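Down below is the structure, laid out as structure tokens.
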Amino acid sequence: MTKPLLEKSNQSMLIAESLLKQSFYPATVNRAYYSCLQYILHILIEKQGHTYDHLKTMPRTGTHSQAQYLLEQTLVSHDKKDYKWFQEKLPAFKQERVIADYYGDPLNQTKGYEAIAIAKAIINTLKKHY
Amino acid sequence: MSAQNFLYSALEDISIKFPQVGIKYSFNSVINTHIVVLLPLEEYHSNSALDDAWIPLSFQFRELFPEDEIAFVSSDSSLSSSTPIFEFNRLSNAFTIPESFFETFSVEALDYSFSTRMPIGAITIGAPIAGILDYPKENIRFDDSIHYYYQEAA
């Protein structure tokens, strides 16, 4: 059975790593973040059977917000410590992505490496439970 | 009731139950998220009763205010703000390292300054160090006459 969201997540991560090698740091942060988001959607839609319509009917604004909230509802019952870590790290990563995409701040190589590291940490944490 | 007012009331309740826990609230406009910092670090990471207080609040808040986001973070999070909108149980010293450890060092660092006095008349090439050190010190004048010192020494 094909899992396009999982495939997209993997591709986004490979692209992030490639962009890092080419010193395109803002784009690295962007792709690393979306690798995470696509993995979350992979869990919700391809593993747990939620639909896009279900996400849209949730009273929250935006796919990111909806996906995070829906995932956290089950993650907290799996492992409270990992839930705590996840609900702290994902917004911080989101901030990095917003700054990388929309603000004029220059980004350095460290930011690129950190983005990939945090994306992999988030995905690996989710793999433990889903 | 606004989201902020709701949080003020709810966090105040938590602060009463956990007087040893500092609580700081701010709003992050980059990601439009309410940020609650719980400190010190060991309370955030190890106090399971504290977890049982704020985790249900996090879900309750998002049910009541579906347009709003919230995150409960530790004091070393990049989302932690140095200018909270409100706080409870303000801690006098969030760090556990005793101040006395640095006290002597810091006093010496504050008192140290470059000397502006030197044994001017004694500085010549070949002059014995002991003689120079024993020579009465004079104030160094930081004007054109400073060149005189080098010339005299030569």
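Bear in mind the structure is a predicted one, so any value in this text is a computation, not a measurement. Proteins get letters first, then strands, A, B, ... in listed order; numbering begins at 1 in each.
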Nearest non-hydrogen partners of A:Pro91 and B:Leu79, listed with the distance
CB-CD1, 3.7 Å

Can you measure from CD (A:Gln87) to CD1 (B:Ile70) and round to the nearest 0.5 angstrom?
8.5 Å

Approximate separation, where rounding is to 0.5 Å, of A:Ser65 OG and B:Asp68 CG:
9.5 Å

Student check: side-chain heavy atoms of A:Trp85 and B:His45 closer than 4.5 Å:
no

Going by chain and number, the hydrophobic cluster around A:Leu19 (ILVMFWY, side chain to side chain under 4.5 Å) further includes A:Ile15, A:Phe24

Could you look at A:Tyr102 and say if it's the side chain, the backbone, both or neither that has a heavy atom under 4.5 Å from chain B?
neither

Min side-chain heavy-atom separation A:Glu88-B:Phe72 under 4.5 Å
no

I'd like to know which of A:Lys89, A:Gln68, A:Glu72 tops the heavy-atom pair count under 4.5 Å against chain B.
A:Glu72

Same cluster (ILVMFWY, side-chain, under 4.5 Å), B:Ile16 and B:Ile23:
no

Taking all heavy atoms of A:Lys84 and all of B:Tyr44, pick out the closest pair and write down the distance.
NZ-O, 2.5 Å

B:Asp51 and A:Lys80 ion-paired at < 4.0 Å
no

Are B:Phe86 and B:Phe61 joined in one hydrophobic group, where the rule is that I, L, V, M, F, W and Y side chains link up if heavy atoms are under 4.5 Å apart?
yes

Surrounding NZ of A:Lys21 (heavy atoms of other residues, nucleotides or ligands, distance under 6.0 Å), is the total greater than 12?
no

In this structure, CD of B:Glu69 is separated from NZ of A:Lys94 (nearest 0.5 Å) by 5.5 Å

Turns out that what part of B:Ser58 lies under 4.5 Å from chain A's heavy atoms comes down to side chain

Parallel, tilted or perpendicular: which one describes the rings of A:Tyr83 and B:Phe59, with boundaries at 30° and 60°?
parallel

Using the test side-chain contact (heavy atoms from CB on, under 4.5 Å), find all partners of B:Ser78 that sit at least two apart in sequence or belong to another chain.
A:Ala92, A:Gln95

OH of A:Tyr130: more than 12 outside heavy atoms within 6.0 angstrom?
yes

Is there a path of hydrophobic side-chain contacts, each under 4.5 Å between heavy atoms of I, L, V, M, F, W or Y residues, that connects A:Ile118 with A:Leu14?
no

